[in-house]
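Okay, structure first, notes after.
Chain letters run A, B, ... following the sequence lines, proteins first, then strands; residues in each count from 1.
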Amino acid sequence: MGEGASPSTLKPIPMPPPPRVRFAPSPTGYLHVGGARTALFNWLYARHSGGQLVLRIEDTDRERSTEAHTRVILDGLSWLGITWDEGPLFQGEYGPRHQADAERLLAEGKAYRCFCTREELEAQRASAGNAGGSFRYDRRCYRIPAEEAAARAAAGVPSTIRFLLRDEELAWDDAVHGRISFQGRDLDDFVILRSDDTAIYNLAVVSDDIAMRITHVIRGDDHISNTPKQIALYRALGHQPPVFAHVPMILGPDGKKLSKRHGATAVGDYQEQGILPTAMRNFLALLGWSPGGDREILPEADMIELFTLEGIQKKAAVFDATKLEWMNGQYLSTLPAQELVAPVRRQLERMGISADGDLAPLIDAVKARSRTILHVAGQVAVRLDPSRPPLDPKGEALIRKMGPAFSTNLQRAADALDGVEPAGWTPERLLDLLKRVAEQHGLKLGDAMQPIRVALTGSTVSEPVNELLAVVGRERSIRRIREVAHRWNGGGPPA
RNA sequence: GGCGCUAUCGUCUAGGGGACUAGGACGGGGCCCUCUCAAGGCCCAAACACGGGUUCGAAUCCCGUUAGCGCUACCA
């Protein structure tokens, strides 16, 4: 600090309190990628700004909420590496506060009792709503004198509490959309407390966000139309609304909201499919958010450092599973094989294969050519037991194309391989040997190599053949090569 | 129907009045490398929804149209 400013003359810079954000899923289903991304954005914002993330389970829909779903959601978040600073808190435990807030609004004349039954409401809707659905509650119960309403309630007549919505501008500066404005007259007096004294979503959320001192509400776009109601509630309750940031939806390939009929939509599905959590997180982060440049692969630290709410896209994004797989492949190829051993072993076990040896060299041999852990495990399984793979169409084509040479060349290779000492079974020595075999018999290198590849993998695609041999091992390789040579002796086309 | 949101290659996006002959990535096509494939490198095709303004100048600002989506419950 220069320019003669002495510390004593400096006004203390008011430090804004660290942000508090929350992720508030309702445990009525699995953790969907949309929810996961909302959670991710909240997490990134909290980490970026030195704030805190509160996890709140909105389980007030008793009918549909289950503990199993809560478990799945928590597991999904953990899998993605999303950690929270408080919670999980359960909204269902705050019923008394919700009710107290509703009654306070009632006492202050900012809400009123409504004795209309569901059936009556239905009838009103049917007659007023000219088939369209432009129904707005006509406030008939607001006209009931307070004493009478209280008496009826005391007598046990069921009633809800409705919020008295004033006709005023309900607007806010959305962190992603800019200014959004609604008019009170376009909304109606919504119910805040059910006849069983439990809160309706909008009240519960506002009541909880106030109590938990949430400063930034980062949530899905589909909540934009709830926001004016919530702002009205904040005002009525005497609190400053938080900053709202509405993130766009995630669509399926057909441009419709992503749903089960698009296939995998739960993060658990991708876990199943062998996607790495880091890749999933990276992909999700870039779906609807951009750091501003050309970056694609973003390590966690960079993601956190670069994240801003302003960088969030306004437009909905289509979930592109192909790009996810590409990204997974990127992570796969840079990840040390050692870190893949556990997930690959798990997958092998699911396939009914018990592998006791060191899997790392096998994983190293195949991971560059794989896009998911499932692919890796499949290829490892083939190398563990070369008699396993069925012939693929390309392998079959090669056999047909080479005719009798296929078997002959295999035989020659096997004979030469037989002479290799176990200690000499290394990629380098094997390459030398194969080259010599080809030379001796006047073969192109490929004509010596490809049959081996097909014999050991059933396919024309693999790591370099010498490495393949090394990884499969001496005994297994030779036995399999002889088997296959014998099988195709005579060179007939595959049946 | 009402209210609201959105609109750049097929997809994810960069872009915030001149740097745009609109950049990158996935996917597609081609070439190189090579025993095959993948990776990698190089190259190609591919977009500012439409119409009006504002401005010397608009992908960028304003208005309208169209289209898509969201909400419109005693669900969340």
Side-chain angles (χ1 to χ4, degrees), chain A residues 24-28 58-61 63-65 91 114 116-118 121-122 125 129-136 158-162 174 177 180-183 185-188 190-196 198-202 204-205 220-229 246 248-249 251 253 255-257 283 286-297 313-327 329-330 333 366-371 394 398 431 434-435 438 443-454 457 459-466 468:
Chain A
S26 48
T28 55
E58 308 212 322
D59 57 349
T60 51
D61 183 351
E63 312 262 302
R64 297 190 295 155
S65 298
Q91 187 164 61
C114 174
C116 296
T117 64
R118 286 170 208 262
L121 256 11
E122 204 50 57
R125 209 167 274 134
N130 32 5
S134 55
F135 172 74
R136 215 168 314 146
S159 67
T160 62
I161 294 180
R162 270 186 198 276
D174 196 278
H177 291 274
I180 299 180
S181 168
F182 286 79
Q183 295 300 325
R185 74 182 78 99
D186 293 325
L187 277 21
D188 73 347
F190 55 99
V191 171
I192 54 177
L193 199 73
R194 298 187 184 91
S195 48
D196 67 358
T198 60
I200 277 306
Y201 173 73
N202 283 311
V205 169
D221 238 350
D222 47 343
H223 285 288
I224 286 180
S225 38
N226 281 321
T227 307
K229 294 179 183 175
H246 287 99
M249 323 227 65
L251 275 21
K256 304 279 186 208
K257 186 175 175 174
F283 176 75
L286 258 25
L287 199 58
W289 170 73
S290 166
D294 289 342
R295 305 282 305 275
E296 297 285 342
I297 303 298
Q313 192 78 14
K314 294 185 179 75
K315 188 184 62 165
V318 174
F319 190 93
D320 182 359
T322 306
K323 187 162 184 178
L324 203 211
E325 288 209 352
W326 164 78
M327 187 165 279
Q330 295 293 305
S333 53
V366 304
K367 74 185 174 73
R369 255 163 305 275
S370 301
R371 287 198 152 189
K394 283 185 172 174
L398 183 89
L431 182 59
L434 259 11
K435 280 181 174 166
L443 299 173
K444 284 189 290 184
L445 199 48
D447 286 335
M449 299 281 209
Q450 281 294 63
I452 297 174
R453 174 142 40 217
V454 171
T457 68
S459 161
T460 59
V461 175
S462 84
E463 62 272 42
V465 168
N466 57 317
L468 174 65

Describe the nucleic acid contact of A:Cys116 in one word from base, sugar-phosphate, nothing, applying a heavy-atom distance below 4.0 Å. base
Might you point out which heavy atoms bring A:Arg136 and A:Asp186 nearest each other, and give the distance in Å? NE-O, 4.1 Å
Tell which nucleotide pairs with B:U6, taking only Watson-Crick or G-U wobble pairs whose two distances are both under 3.5 angstrom. B:A67
Under a 3.5 Å limit on both distances, the Watson-Crick or wobble mate of B:C61 is B:G53
A:Leu193 CG to B:A73 P, straight-line distance once rounded to whole Å: 18 Å
Taking atom C1' in both B:A25 and B:A14, what distance in whole Å separates the two? 11 Å
Please name the pair of heavy atoms, one in A:Asn466 and one in A:Leu431, separated by the smallest distance, quoted to 0.1 Å. ND2-CB, 3.7 Å
Starting at CE of A:Met327 and ending at C1' of B:U11, how long is that distance when rounded to a whole Å? 13 Å
Name the nucleic acid region contacted by A:Gly288, choosing base, sugar-phosphate or nothing; use a 4.0 angstrom heavy-atom cut-off, strictly under. sugar-phosphate
Taking the C1' atom in each of B:C44 and B:U36, what is the distance between them to the nearest angstrom? 26 Å
Between A:Asp59 and A:Val461, who's closer to the 5' end of RNA chain B by nearest nucleotide? A:Val461
Quick one: do A:Lys323 and A:Glu296 make a salt bridge, cutoff under 4.0 Å? yes
For nucleotides B:A38 and B:G27, find the distance between their P atoms and express it as a whole number of Å. 11 Å
Can the ring centroids of A:Phe319 and A:Phe283 be said to lie less than 6.0 angstrom from one another? yes
Distance check needed: B:C35 C1' versus A:Gln450 CD, whole Å only. 6 Å
Which atom names give the shortest non-hydrogen contact between A:Leu445 and A:Leu434, and what distance separates them? CD1-O, 4.2 Å
Out of curiosity, A:Ser65 OG to A:Glu58 CD, how far, rounded to the nearest 0.5 Å? 9.5 Å
Interatomic distance at C1', B:G70 relative to B:U8, whole Å: 23 Å
Tell me whether the OP1 or OP2 atom of B:A7 has a side-chain N or O from A:Gln313 closer than 4.0 Å. no
Using whole Å, what does the distance between atom P of nucleotide B:U36 and atom CZ of A:Arg369 come to? 12 Å
Closest heavy-atom pair and its distance - A:Ser225, A:Phe182: CA-CZ, 4.2 Å
Given the structure, check if the side chain of A:Ser195 and the base of B:C74 hold any donor-acceptor pair shorter than 3.5 Å. yes
Taking pairing as Watson-Crick or G-U wobble with both contacts under 3.5 Å, can you name the mate of B:G27, or confirm there isn't one? none
With heavy atoms under 4.0 Å as the rule, sort A:Asn466 into base, sugar-phosphate or nothing. base
Base, sugar-phosphate alone, or nothing: which one does A:Ser370 contact when heavy atoms must sit under 4.0 Å apart? nothing
Could you work out, with ring-ring contact (aromatic ring centres under 6.0 Å, His included) as the rule, every residue matching A:His177, not counting sequence neighbours? none
Base, sugar-phosphate, or nothing: which does A:Ser333 touch, judged by heavy atoms less than 4.0 Å apart? nothing
Classify every nucleotide of nucleotides 17-34 of chain B by which part a protein heavy atom approaches to under 4.0 Å, writing B for the base, S for the sugar-phosphate alone and - for neither, in 5'-to-3' order. ------BBBSS-------
B:U72 pairs with, by Watson-Crick or G-U criteria that keep both distances under 3.5 Å: B:G1
Has the side chain of A:Asn202 got a donor or acceptor atom sitting under 3.5 Å from an opposite partner on the base of B:A76? no
B:G28 versus B:U21 - spacing of their C1' atoms, nearest Å: 23 Å
Might you point out which heavy atoms bring A:Gln450 and A:Leu398 nearest each other, and give the distance in Å? CB-CD2, 3.9 Å
B:C62 versus B:G16 - spacing of their C1' atoms, nearest Å: 16 Å
Taking atom types as they are modelled, is there a donor-acceptor pair under 3.5 Å from the base of B:C37 to the side chain of A:Arg453? no
Categorize A:Ser181 for me: base, sugar-phosphate, or nothing, with a 4.0 angstrom heavy-atom threshold over every strand shown. sugar-phosphate
If I take atom OH in residue A:Tyr201 and atom P in nucleotide B:U72, what distance separates them, rounded to the nearest angstrom? 11 Å
Pairing partner of B:A19 (Watson-Crick or G-U wobble, both distances under 3.5 Å): none
Are A:Arg453 and A:Ser462 linked by a side-chain donor-acceptor pair shorter than 3.5 Å? yes
For every nucleotide of nucleotides 58-70 of chain B, 5' to 3': is a protein heavy atom under 4.0 Å from its base (B), only from its sugar-phosphate (S), or from neither (-)? -----------SS
Once you apply a heavy-atom cut-off of 4.0 Å, does A:Val465 come out as touching a base, just sugar-phosphate, or nothing? base
If we take the P atom in both B:G18 and B:A39, what is their distance in whole Å? 38 Å
With a 3.5 Å limit on both atom pairs, tell me what B:G40 is paired to, counting Watson-Crick and G-U wobble, or say none. B:C32
B:A45 versus B:U6 - spacing of their P atoms, nearest Å: 34 Å
Side-chain contact check for A:Asp186: nearest option of B:C3, B:C35, B:C12 is B:C3
Which whole-number value in Å describes the distance from A:Phe283 CZ to B:C12 C1'? 7 Å
What does B:A14 pair with, Watson-Crick or G-U, if both distances are under 3.5 Å? none
Touch check for A:Asn226, heavy atoms < 4.0 angstrom, all strands: base, sugar-phosphate only, or nothing? base
Out of B:A76, B:C35, B:U6, which nucleotide sits closest to the side chain of A:Ile200? B:A76
Gap between atoms NZ and C1', on A:Lys444 and B:C35 respectively (whole Å): 10 Å
Starting at atom CD of A:Glu463, determine the distance to atom P of B:A38, rounded to an integer number of angstrom. 14 Å
Nearest non-hydrogen partners of A:Thr160 and A:Ser195, listed with the distance: CG2-N, 3.7 Å
A:His246 versus A:Asp174, side-chain donor and acceptor atoms under 3.5 Å: yes
Phosphate-side-chain proximity, A:Ser290 and B:A14, N/O vs OP1/OP2 below 4.0 Å: yes
Given 3.5 Å as the limit, does a donor-acceptor pair link the side chain of A:Ser290 with the main chain of A:Gly292, or not? yes
